[in-house]
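Please read the structure below before turning to the comments.
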Amino acid sequence: RSSDLRIRHVEILTALQFMNSIAWFIQAKLLYLGDSSSESQELKFAFILFVWMVFVGLLGGASYVNVFYNLLEKTKQGFEDEAVEPDPMVLKERRQLCMNFGSLYAVAGITMGCLVDVIF
């Protein structure tokens, strides 16, 4: 389960995703893993790409879950540091705002990725 593994420094996952995107771009342009000289060789390369796709999906899912979990924890922790107990409605609104910004940036990232795919 994704909630069992908490990653506080999601920038590490982001760096890995960036390196993966560069590697996929190079693979798409140069086809360094694809040599269709024999059918068994082609099957081996397809399996490597499949495992690589699963790894990229796991990285993306881990980033998504941990970013939102960190947002929830930070908004909760921000009020725990204050001397006065906050109004529960303010806490709820602050969390909702953070979650909405997180969702907005996730959608913006997906949109930019699609635009890059169309352009290149």
Side-chain angles (χ1 to χ4, degrees):
R1 288 179 14 170
S2 58
S3 62
D4 292 338
L5 179 65
R6 170 119 190 265
I7 300 171
R8 287 183 173 85
H9 299 283
V10 290
E11 59 271 7
I12 296 168
L13 296 173
T14 304
L16 285 172
Q17 285 179 321
F18 180 74
M19 288 187 285
N20 267 321
S21 67
I22 297 297
W24 274 106
F25 182 78
I26 293 170
Q27 165 59 24
K29 294 298 180 187
L30 300 179
L31 299 174
Y32 62 88
L33 286 180
D35 183 2
S36 59
S37 60
S38 70
E39 194 170 306
S40 65
Q41 191 79 357
E42 193 173 310
L43 184 62
K44 221 183 287 185
F45 291 135
F47 183 73
I48 290 170
L49 290 176
F50 173 74
V51 171
W52 194 6
M53 282 185 255
V54 169
F55 176 69
V56 169
L58 290 172
L59 267 180
S63 291
Y64 190 84
V65 167
N66 282 291
V67 163
F68 281 104
Y69 186 74
N70 288 340
L71 277 173
L72 285 174
E73 288 298 308
K74 287 290 184 184
T75 55
K76 189 188 306 181
Q77 189 180 43
F79 278 120
E80 290 173 356
D81 294 341
E82 295 177 9
V84 179
E85 184 66 30
D87 181 19
M89 192 62 182
V90 173
L91 179 61
K92 184 178 179 185
E93 288 176 7
R94 190 178 200 190
R95 280 186 173 180
Q96 286 176 348
L97 180 65
C98 287
M99 295 301 282
N100 286 333
F101 273 119
S103 297
L104 175 72
Y105 286 123
V107 170
I110 292 168
T111 304
M112 285 188 335
C114 291
L115 289 173
V116 167
D117 186 40
V118 168
I119 292 170
F120 294 107

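Just the heavy atoms: all of them, side chains too, but no hydrogens, waters or symmetry mates, feed the values below.
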Worksheet item: Do Phe18 and Met53 sit in the same hydrophobic cluster, where Ile, Leu, Val, Met, Phe, Trp and Tyr count as joined when their side-chain heavy atoms come under 4.5 Å apart?
Response: yes

Discussion item. Hydrophobic clustering (ILVMFWY, side-chain heavy atoms < 4.5 Å, transitive) - are Ile119 and Met112 grouped together?
Written reply: no

Discussion item. Go through it in stages, so that I can follow the logic: the residues are Phe55 and Leu58, the test is side-chain contact (heavy atoms from CB on, under 4.5 Å), and I'd like the CA-CA distance, side-chain angles, deciding distance and then a yes or no.
Written reply: CA-CA 5 Å; Phe55 176 69; Leu58 290 172; 5.6 Å; no

Practice prompt. Supply the atom-to-atom distance Ser21 OG to Ile26 CD1, rounded to the nearest 0.5 angstrom.
Written response: 9.5 Å

Practice prompt. Each residue besides Phe101 in its hydrophobic cluster should be listed here, by chain and number; the cluster joins Ile, Leu, Val, Met, Phe, Trp and Tyr at side-chain heavy-atom distances under 4.5 Å.
Written response: Leu97, Leu104, Tyr105

Worksheet, complete the sentence: On a heavy-atom basis, the closest approach of Tyr64 and Ala106 is CE1-CB, 4.1 Å

Item to complete: Measure the NE2-CG distance between His9 and Asn66 for me, rounded to the nearest 0.5 Å.
Response: 11.5 Å

Discussion item. Under the rule for side chain to side chain donor-acceptor pair (under 3.5 Å), what residues qualify as partners of Trp52, not counting sequence neighbours?
Written reply: Asn20

Discussion item. If you apply the rule side-chain contact (heavy atoms from CB on, under 4.5 Å), what do you find for Ile7 with Ile12, and how did you get there?
Written reply: CA-CA 9 Å; Ile7 300 171; Ile12 296 168; 5.9 Å; no

Worksheet entry | Nearest heavy atoms of Ser63 and Leu13, plus distance in Å | OG-CB, 3.2 Å

Item to complete: Treating Ile, Leu, Val, Met, Phe, Trp and Tyr as nodes and any side-chain heavy-atom pair under 4.5 angstrom as an edge, say whether Val54 and Leu16 lie in one connected cluster.
Response: no

Worksheet item: Can you tell me how far CD of Glu11 sits from CZ of Arg8, rounded to the nearest 0.5 angstrom?
Response: 12.5 Å

Worksheet item: Which pairs with one or both residues in residues 111-120 pass side chain to side chain donor-acceptor pair (under 3.5 Å), sequence neighbours excluded?
Response: none

Fill in: Flag side-chain contact, heavy atom, 4.5 Å: Val56 against Trp24
yes

Practice prompt. Look up atom CE in Met19 and atom OG1 in Thr14, then write down how far apart they are to the nearest 0.5 Å.
Written response: 10.5 Å

Worksheet item: With the 4.5 Å side-chain cut-off for hydrophobic clustering, are Ile110 and Val65 part of the same group?
Response: no

